[in-house]
Structure formats: C-alpha cells, structure tokens
Number of protein chains: 2
Amino acid sequence: MTELSEDYQRNDVYAAMCPCRDMLDLLANKWSALAIGALEDGPQRTGELKRRLEGISTKVLSQTLKKLEDHGLLIRTIYPEVPARVEYELTQLGLGAAQPLKQLRSWVEHNVGTH
Amino acid sequence: MTELSEDYQRNDVYAAMCPCRDMLDLLANKWSALAIGALEDGPQRTGELKRRLEGISTKVLSQTLKKLEDHGLLIRTIYPEVPARVEYELTQLGLGAAQPLKQLRSWVEHNVGTH
DNA sequence: GACTGATGCTATCAAATAGATACTAAGTGC
DNA sequence: GCACTTAGTATCTATTTGATAGCATCAGTC
C-alpha cells in the first residue's frame with residue numbers, strides 16, 4: 001500500500017482545522033441537501049429550483065447555489081437569451097455527494113411521526 | 001396494501017409545511033452530524049463530547065444536545081455525583097439517524113481534496 | 001472553615017447568517 | 001414609451017452563532 005493510496009485518511013471531520021470541515025458544513029445544511037437532491041433530476045434553472053425548494057428566499061437560494069458552485073459540486077451556465085436563462089447542473093462530485101444526502105432525506109421522510 | 005402502510009409517503013422534505021422539515025433542519029447541521037456520530041461509540045458525557053467536537057463552544061454544544069433530545073434522538077441522564085455527571089446516549093431513533101449521517105461524513109472525508 | 005478545583009449550564013455581548021422585500025439590468029412585445 | 005420576464009443584488013431586520021465570563025455544587029486541602 002503506497003502513501004498516496006492512504007491520502008484520504010488524513011481527512012477527519014472531527015478535526016477543527018481539517019479542510020473537509022468546510023465541505024461538511026456546506027453539505028450538512030437544509031438548503032444544500034434539498035438543492036442537490038432536486039438537481040439529481042437533471043439540470044434546472046433558477047425559478048424551477050426556487051419553486052421546488054419551498055420556502056427558500058431569492059437571496060439564500062443564490063448564496064447556496066454559489067457556495068455549491070465554488071466547491072465544485074455544480075456548474076452554472078448562462079444562456080444569453082432574453083430574458084436570461086441560467087441553468088444549474090451537478091458535477092460528478094455533486095452526483096457523488098447526492099447519494100448520502102438522498103439517504104438522509106429518505107431516512108427523515110420515513111422516520112418522522114412514526115415513533 | 002393498506003392505507004396505514006403508506007403513511008410515510010405523506011412526509012416530503014421539499015414541502016415547507018411538512019413536519020419532517022424540522023427534522024431535516026436539525027440533522028442537516030454540522031454539529032448535529034458530528035455529535036450523533038460521536039455518540040455512536042456509546043454514551044458520553046459533556047466534556048468528552050466537547051473535546052471530540054473540536055471547535056464547538058459550550059453554549060452551542062448545550063443547544064445542539066438539547067435540540068437532539070427534544071426530538072427524541074438522544075437521552076440525557078444526570079448522575080447526582082459531585083461534581084455532577086451528565087451522560088448523553090442515542091435512542092433507537094438516534095441510532096437510525098446515525099447511519100445516513102455516517103455515510104455523509106465518510107463521503108466528505110473521502111472526497112475532499114481529491115478532485 | 002475559607003479556598004481551590006472540577007463539571008455542566010446559563011447569561012451576555014459582538015459577529016455572522018438567514019429571511020423578507022424591493023430594486024436593477026436587459027431586451028421583447030404592445 | 002410602458003409593461004413584462006428572469007436572475008441577481010441591495011437593504012434592512014431578526015435570528016443564530018460564537019467567544020467568554022459567571023454560577024452552582026460539594027469534595028478535598030490546608
């Protein structure tokens with residue numbers, strides 16, 4: 001086993017200074033979890049996301065999507081139509097993150113109000 | 001298939017008014033995800049949790065644990081020793097929630113800094 | 001018997017974030 | 001010119017977070 005193959009073991013979400021804390025903070029968030037889940041269905045534009053993520057404000061939606069883009073989880077594409085069309089699409093990384101988030105949402109839906 | 005067996009389908013985290021939104025908001029949170037993960041190792045007292053959840057403040061730890069208790073995810077036990085000993089332990093519900101959260105933490109640790 | 005130490009919680013203040021709403025930009029159609 | 005559409009920013013307030021200090025309890029020490 002080479003040292004390179006063990007690289008991932010250096011990441012520890014319990015360590016305050018570990019860079020993966022940022023990612024956990026980003027993903028362990030209501031709106032991120034919902035946005036990534038919605039985008040699993042394919043690229044979507046802003047208005048559609050706003051409608052699906054019931055209760056989110058314009059500002060928080062913009063901020064959430066920007067943070068996800070900055071972390072490489074999704075790609076933002078502007079189509080120079082009029083009025084402007086903006087689409088968001090998950091990257092491979094985002095598709096990967098979507099899996100555990102889907103399980104979390106699913107667990108919540110199946111276990112609330114049943115105990 | 002009876003109606004009762006379909007009950008869980010009424011929960012939809014995308015619906016703003018669904019009670020499961022509260023649970024998603026609680027679990028999709030950095031400190032909740034870390035606290036529940038730590039408690040998977042068994043009951044632990046406050047100081048131990050504070051040490052493991054590097055960077056958390058006393059106040060936020062208290063608040064986080066209280067919210068988790070209020071939602072039935074953990075049980076708080078006070079042992080009348082001196083100085084007082086307080087232990088937190090996951091309930092069955094908490095143990096269930098721990099699974100998807102573990103996968104999320106694991107995904108983060110394996111996918112940060114590798115793209 | 002006052003003094004220190006340990007533990008867990010709350011009180012207090014500043015800083016950051018969320019949320020609600022209004023406004024801007026750019027071009028189309030009337 | 002004027003209204004309409006879409007996506008985003010600006011603005012203001014409310015809520016939450018974070019850092020610290022303080023409190024209560026009582027055992028052990030001198």
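Proteins come first, then strands; the chains are lettered A, B, ... in the order of their sequence lines, and each starts at number 1. Note that these values count all heavy atoms, side chains included, but never hydrogens, waters or copies made by symmetry.
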Atom pair distance, as rounded to whole Å: CD1 in I78(A) and C1' in dA7(D): 9 Å
Pair D25(B) + R21(B): basic N to acidic O under 4.0 Å: no
DNA chain D contacts among residues 40-63 of chain A, heavy-atom distance under 4.0 Å: R45(A), T46(A), G47(A), T58(A), K59(A), S62(A)
Between P of dA25(C) and CZ of R85(A), the distance in whole Å: 24 Å
Value in whole Å for how far the P atom of dT17(D) lies from CG of L26(B): 11 Å
Separation of atom CD in E69(A) from atom P in dA7(D), rounded to whole Å: 15 Å
Residue whose nearest DNA chain C nucleotide is more 5′ - W31(A) or Y88(B): Y88(B)
Nearest-angstrom distance from the residue atom OH of Y79(A) to C1' of dA7(D): 15 Å
Main-chain N/O of V86(A) paired to R45(A) side chain as donor or acceptor, under 3.5 Å: no
Joint hydrophobic cluster, L49(B) plus I78(B), side-chain heavy atoms closer than 4.5 Å: yes
E54(B)/R52(B) salt bridge by N-O under 4.0 Å criterion: no
Backbone of G72(A) reached by a side-chain donor or acceptor of T91(A) within 3.5 Å: yes
Separation of atom CG in N29(A) from atom P in dA16(C), rounded to whole Å: 19 Å
Residue pair L68(A) / L39(A), side-chain heavy-atom distance below 4.5 Å: no
From dG18(D), dG19(C), dA7(D), nucleotide with atom closest to K30(A) side chain: dG19(C)
Heavy atoms from other residues, nucleotides or ligands near CD of Q92(B) exceed 12 (cutoff 6.0 Å): no
Given dG27(C), dG8(D), dC9(C), the nucleotide with the shortest approach to the side chain of R76(A): dG8(D)
Separation of dA7(D) P from E87(A) CD (nearest whole Å): 9 Å
Whichever of K66(A) and A84(A) has its nearest DNA chain D nucleotide further upstream toward 5': A84(A)
